[in-house]
Amino acid sequence: MTTPFEKPQIISHIQKSLNYTVFDSKWIPCSAKFVCLGNFARGTGVMQIYEVQHGEVQLVKEIEKAKPIKCGTFGATSLQQRHIATGDFDGNLNVWNLEVPDVPVYSVKAHKEIVNSIDGVGGLGIGDGAPEIVTGSRDGTVKVWDPRQKDTPVANMEPVEGETKRDCWTVAFGHAFNDQDRCVCAGYDNGDIKLFDLRNMSLRWEKNIKNGVCSVEFDRKDINMNKLVATSLEGKFHVFDMRTQHPTKGFASVSEKAHKSTIWQVRHLPQNRDVFMTAGGAGNLHLWKYEYPAQRSKKDTDNIDMGVAGMVNLLQNVTLSTQPIASLDWSPDKQGLCVCSAFDQTVRVLIVTKLNRV
């Protein structure tokens with residue numbers, strides 16, 4: 001029997017009020033700094049860099065840009081350069097050197113409308129193969145970019161002629177465990193989840209979870225697909241076991257209704273892939289642990305392998321704000337250190353304790 005003190009605690013370590021709407025916050029790898037991305041009330045974009053020092057955050061740099069910035073990722077950069085790729089309200093993909101952020105080191109008009117979501121792989125020593133960035137947009141397309149190749153995407157997943165365009169809300173890389181294999185998962189406003197195989201340039205799997213898909217993430221990008229979490233509008237999330245794909249039933253999954261409102265984000269702990277945090281529309285965070293079943297696959301009546309889902313256990317939850325927590329990022333370097341931003345124009349640095357015991 002565990003006492004309440006043995007469970008992980010979610011501690012709000014530092015709170016910083018901002019004078020703009022913040023959409024995304026990301027730790028800068030190998031540092032005590034993080035970046036906040038958003039827009040000023042006057043309609044311009046902003047990037048701010050903060051450093052955690054002696055229990056406070058110090059503003060290191062503020063950069064104003066022409067267009068509001070929606071999302072960012074360090075996933076396609078090297079540990080030496082640490083360039084951030086951002087998507088903005090005008091459909092632009094820009095890669096910035098934060099040391100000299102006046103002009104982007106790479107820039108492309110990626111989409112006709114807002115870039116809702118961005119992810120990177122092949123950088124930071126995570127994922128084999130070329131560095132690539134994926135963007136998902138309100139224009140219904142999902143595009144994969146190689147920052148070494150100008151203007152044209154290396155892959156473009158768009159609806160076929162006559163098919164209605166759905167707003168793509170979230171994208172994530174996975175399955176990048178060798179030089180050839182790589183997948184992109186995308187979630188849409190109508191509840192569709194699509195898994196694109198970039199090696200074969202094919203749609204590998206699709207499923208509808210009945211509610212708009214706000215966030216998808218693989219538990220690890222750089223391993224043979226293991227688990228995928230998808231969160232949705234009505235406070236429900238699904239965990240798919242991605243190891244066994246049945247020809248008709250697809251992947252086994254378990255779902256949990258955690259929050260009473262939209263689950264905006266899911267982020268897996270970099271140091272333990274079975275622990276993840278969900279961020280909700282009512283300003284709350286839930287920390288979960290996935291428990292595998294005794295056997296992850298079994299034979300169906302036709303002797304074909306099908307997956308078996310495990311279960312999720314709630315480790316801890318906390319309410320930080322009255323507004324939705326729109327972004328969440330674990331520190332890749334320090335276990336339990338986390339940055340999150342909410343629509344109350346506040347960024348918070350959190351410490352989650354006892355994660356080595358779960």
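Everything numeric in this text was worked out from a predicted model, so none of it was measured.
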Applying salt bridge (charged side-chain N to carboxylate O under 4.0 Å, His left out), can you list everything that pairs with D274, at least two apart in sequence or on another chain?
K227

Under the salt bridge (charged side-chain N to carboxylate O under 4.0 Å, His left out) rule, collect the residues that match up with K299, sequence neighbours excluded.
D305

Please write out which residues are connected to V115 in a hydrophobic cluster, directly or through intermediates, given that two of Ile, Leu, Val, Met, Phe, Trp, Tyr count as joined at side-chain heavy-atom separations below 4.5 angstrom.
none

Cluster partners of W169, using ILVMFWY side-chain heavy atoms under 4.5 angstrom, listed by chain and number?
L233

Kindly state each residue pair satisfying ring-ring contact (aromatic ring centres under 6.0 Å, His included) with at least one member in residues 90-129, sequence neighbours excluded.
none

K70: which residues meet the side-chain hydrogen bond (donor to acceptor under 3.5 Å, both in side chains) condition with it, sequence neighbours left out?
none

Apart from I304 itself, residues in the same hydrophobic cluster as defined by side-chain heavy atoms under 4.5 Å:
none

F40: which other cluster members, linking ILVMFWY side chains closer than 4.5 Å, directly or transitively?
I14, L18, Y20, V22, W27, F34, V46, Y50, V52, V57, L59, L337, V339, V347, V349, I351

Restricting to ring pair (Phe, Tyr, Trp, His ring centres under 6.0 Å), what partner residues turn up for F23, sequence neighbours left out?
F89

Identify, with sequence neighbours excluded, every residue that meets ring pair (Phe, Tyr, Trp, His ring centres under 6.0 Å) alongside H175.
F177

Which residues pass the side-chain hydrogen bond (donor to acceptor under 3.5 Å, both in side chains) test with S261, sequence neighbours left out?
none

Y290: which residues meet the ring pair (Phe, Tyr, Trp, His ring centres under 6.0 Å) condition with it, sequence neighbours left out?
Y292

